[in-house]
Trainee: 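Just passing along the structure, written as structure tokens.
Bear in mind that the values here come from a model prediction, so they are computed numbers and not experimental data. So you know, we letter chains A, B, ... as the sequences are listed, proteins then strands, and number each from 1.
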2 protein chains.
Amino acid sequence: MTRKDTAATALTLTDARRLRADRARQVADVLRRRVLDGDFADGALPAETALVAEFAATRNTVREALDLLRAEGLVERCPGVGTVVVSRKYPHGLERLRGLAETLREHGEIVNEVRTSGLIAPPREISARLRLPAGEPVVYIERLRSLNGLPLSLDLTYLARDLGEPLLAEDLAGTDVFVLLERLAGQPLGHAEVTLEAVNADPHSAATLGVPRGAALLMAERLTHLSDGRPVDLEFIRFRGDRIAMSGLLTRN
Amino acid sequence: MTRKDTAATALTLTDARRLRADRARQVADVLRRRVLDGDFADGALPAETALVAEFAATRNTVREALDLLRAEGLVERCPGVGTVVVSRKYPHGLERLRGLAETLREHGEIVNEVRTSGLIAPPREISARLRLPAGEPVVYIERLRSLNGLPLSLDLTYLARDLGEPLLAEDLAGTDVFVLLERLAGQPLGHAEVTLEAVNADPHSAATLGVPRGAALLMAERLTHLSDGRPVDLEFIRFRGDRIAMSGLLTRN
């Protein structure tokens, strides 16, 4: 028995013992990656027979895998054409601190709809994170951010007053807050602490972002500091799960 | 008019123009952070009247904010007690490459249920990412990982054969793959490329992870390299959104 024979045998045994749902998930994960990488240049996935061969899977398993990606809103079945990519996920770097327009410049235009803005008396937690005395007003800005006309994220932003107030007079619809902050502070941003979670969209957030109720959102909380270390910008960001993937590099030591 | 008066006025004006749902979201985001930080030591959130004062919000807004957190499975309303924290989100670092047991050691015991393992003939995409010739078998391991008896993640793992085969004889139920890989390779791991997405759980993944159908999952794809640069471990990981938050540091330059 050659090494290859052993492998093939093991695969068959494993396959026979496993539920089709398990095998479909395995196939779907690999296909999701290829969609993410833009591997299907013309937008069409390979025919089912080709996928059956590539994954050494049954036709039913391949169909169930495609169903999973369809449920995620990534692909759609088109009569006479096959399965096509219908949603594009945009890459957002997890290493460098970049604004959305800076990050996605090559993918299109970011437009920010400012839903509200102004001075508020912040809750204690916000004051503490921005290292401000309790009760000191901060600037609050709420923006719905769209890429190429489709909503991408809903951002709730708290800014230290000395930078936030002049910022309100700037072009918030067309410019990243990061860029404005650096201009107004006269120094570059330094670092940000970010926390990522997956949450289901509540009905109102879903309607605002144009997704079904309960859709998975990538929720980011990000506290950004100037290069001198002062925290100036605290944001709570709901990204549409079907439009953003975050990528980064981890090191062992 | 003092500066403080200006702020208070602005807050009122802003508030009056906005929907309660918008204000509730704003309050919920701050409370979510405090739950995440373990701020409520005895597990009980402050009384509604205290929250009304802290957030300068109406009682209805505070109630709607608590409803949002309840829908996320973070808190529950207990008659006679108030609102209590019912789910704990565990922090997972986004900077250092760590296994789950290494990361969460202080929070409890990680147990891995090996759902399947063995040699398979991988799809092209897997071979390419692991820089293996097409058709060369790889080791596949599927694990349901639990912390303190409750499911945390479902991991689909592809390993280069030379390390993966001896790894199958090791204690996979009680040891991180990372630790085993370093022991078998005789060298530390180097870096990993990671991509994070938010997806809704399909019915079978939901049942496996013990969450409602459609629950938000934090999905990670991670390609781990040895310190000599060779990619050896490709994983597709579905984390329960209600049990994991990823945190890291971003720098501007």
Trainee: Are any of the side-chain nitrogens in D22(B) or R115(A) under 4.0 Å away from the carboxylate oxygens of its partner?
Mentor: yes
Trainee: Could you tell me which portion of E54(A) (side chain, backbone, both or neither) has an atom closer than 4.5 angstrom to a non-hydrogen atom of chain B?
Mentor: both
Trainee: Is L36(B) close to chain A through its backbone or its side chain, or both, or neither, when contacts mean heavy atoms under 4.5 Å?
Mentor: side chain
Trainee: Using heavy-atom distances under 4.5 Å, tell me whether E221(B) contacts chain A through its side chain, its backbone, both, or neither.
Mentor: side chain
Trainee: Looking at E235(A) and R143(A), is any side-chain nitrogen of the basic one under 4.0 Å from a carboxylate oxygen of the acidic one?
Mentor: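 The answer is yes: the pair qualifies as a salt bridge.
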Trainee: Can you tell which part of L217(B) gets under 4.5 Å to a heavy atom of chain A, answering side chain, backbone, both or neither?
Mentor: backbone
Trainee: For E136(A), is there an ion pair with R161(A) - N to carboxylate O distance below 4.0 angstrom?
Mentor: no
Trainee: Between L249(B) and chain A, with a heavy-atom cut-off of 4.5 Å, which part of the residue counts as in contact: side chain, backbone, both or neither?
Mentor: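 Both backbone and side chain.
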Trainee: Side chain from CB out, backbone as N, CA, C, O: work out which of these in L154(A) comes under 4.5 Å of a heavy atom of chain B, or both, or neither.
Mentor: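 Contact with chain B is through the side chain of L154(A) alone.
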Trainee: Measure distances from A71(B) to the heavy atoms of chain A and classify the residue's part below 4.5 Å as side chain, backbone, both or neither.
Mentor: neither
Trainee: Check whether R98(B) gets within reach of chain A through its side chain, its backbone, both or neither, counting any heavy atom under 4.5 Å.
Mentor: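 Its backbone and side chain both get close to chain A.
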Trainee: Counting only non-hydrogen atoms closer than 4.5 Å, does E102(B) touch chain A with its backbone (N, CA, C, O), its side chain (CB onward), both, or neither?
Mentor: side chain
Trainee: Sort R129(A) into side chain, backbone, both or neither according to what part of it lies under 4.5 angstrom from a heavy atom of chain B.
Mentor: side chain
Trainee: With rounding to the nearest 0.5 angstrom, report the CG to CG distance, D155(A) to L100(A).
Mentor: 7.0 Å
Trainee: What part of A245(A) lies closer than 4.5 angstrom to a heavy atom of chain B: side chain, backbone, both or neither?
Mentor: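 For A245(A), backbone and side chain are both near chain B.
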Trainee: Relative to chain B, which segment of T224(A) carries a heavy atom at a distance below 4.5 Å: side chain, backbone, both, or neither?
Mentor: neither
Trainee: For the pair Y140(B) and Y158(B), name the ring-plane relationship: parallel under 30°, tilted 30 to 60°, perpendicular over 60°.
Mentor: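 Y140(B) and Y158(B): tilted rings.
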Trainee: Heavy-atom cut-off 4.5 Å, strictly under: side chain, backbone, both or neither for D67(A) against chain B?
Mentor: neither
